[in-house]
Amino acid sequence: QVQLEESGGGSVQAGGSLRLSCAASGRPFGEYAMGWFRQGPGEERVFVAAWRWRGDMTFYSDSVKGRFTISRDNAKNTVYLQMNNLKPEDTALYLCAAGYPAGSSRVRWSSEYQIWGQGTQVTVSP
């Protein structure tokens, strides 16, 4: 089974940048999607961004659109999340996920992803 490992988190000041990486031990089969979610203490996982194999499409939450960019390196089986102009409200545990969302409308649903990494912490100070 594919395993995911995130890296690249850390502490930055507001306005700074970080690039998160999600390395997969293998490549999922078929028309999969890779997603980034974030979770604050005591909160549910919230969709951040996703890339879907079918149509080579990317998706973003409204809160990060224009600031975050999801990309992938197929040769390295790695997905990235470039985060610019970070804000204190971006502070969270960021988790990478792989799955097979049943349609573009469902790529934002955490329940559509079957494989999850352990997460990497991002802390943004004012």
Considering all heavy atoms, the nearest [X]-[Y] contact:
X	Y	answer
Gly9	Val122	CA-CG2, 4.2 Å
Leu81	Ala49	CD1-CB, 4.0 Å
Pro88	Ala14	CD-CB, 4.1 Å
Tyr113	Val107	OH-O, 2.7 Å

Side-chain contact, heavy-atom cut-off 4.5 Å: [X] with [Y]?
X	Y	value
Ser17	Gln82	yes
Phe59	Met57	yes
Leu86	Leu18	yes
Thr120	Ser7	no
Thr58	Tyr60	yes
Asp56	Arg72	yes
Glu5	Cys22	no
Trp51	Tyr32	yes

Judged by atom type as modelled, is there a donor-acceptor pair below 3.5 Å linking the side chain of [X] to the main-chain atoms of [Y]?
X	Y	result
Gln114	Tyr100	yes
Ser25	Gln3	yes
Gln121	Gly10	no
Arg108	Phe47	no

I'd like to know whether [atom1] of [X] has more than 12 heavy-atom contacts from other residues, nucleotides or ligands below 6.0 angstrom.
X	atom1	result
Gln13	CD	no
Gln118	CD	no
Glu43	CD	yes

Do [X] and [Y] sit in one hydrophobic cluster, given that two such residues count as connected whenever their side-chain heavy atoms are within less than 4.5 Å of each other, even indirectly?
X	Y	answer
Met34	Val48	yes
Tyr80	Val64	no
Val2	Ile70	yes

Sidechain N-carboxylate O distance under 4.0 Å for Lys87, Asp90 = no
query = Between Arg45 and Trp116, is NZ or CZ placed under 6.0 angstrom from the six-membered ring centre and within 45° of the ring axis?
reply = yes
ask   = Would you say the side chains of Tyr94 and Arg38 form a donor-acceptor pair under 3.5 Å?
value = yes
inquiry  = Could you check whether Asp73 and Thr78, counting side-chain N and O atoms only, form a donor-acceptor pair closer than 3.5 Å?
reply    =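 Judged by distance alone, the side chains do not pair up.
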ask   = When you look at Ser104 and Arg52, which way does the side chain to side chain donor-acceptor pair (under 3.5 Å) test go after all the steps?
value = CA-CA 8 Å; Ser104 296; Arg52 189 167 182 234; 3.1 Å; yes
message = Rounded at 0.5 Å granularity, tell me how far CE in Met83 sits from CH2 in Trp36.
response = 8.0 Å
task = Please name the residue in the list Leu93, Leu20, Leu95 that meets the side chain to side chain contact (heavy atoms under 4.5 Å, CB included) test with Glu6.
result = Leu95
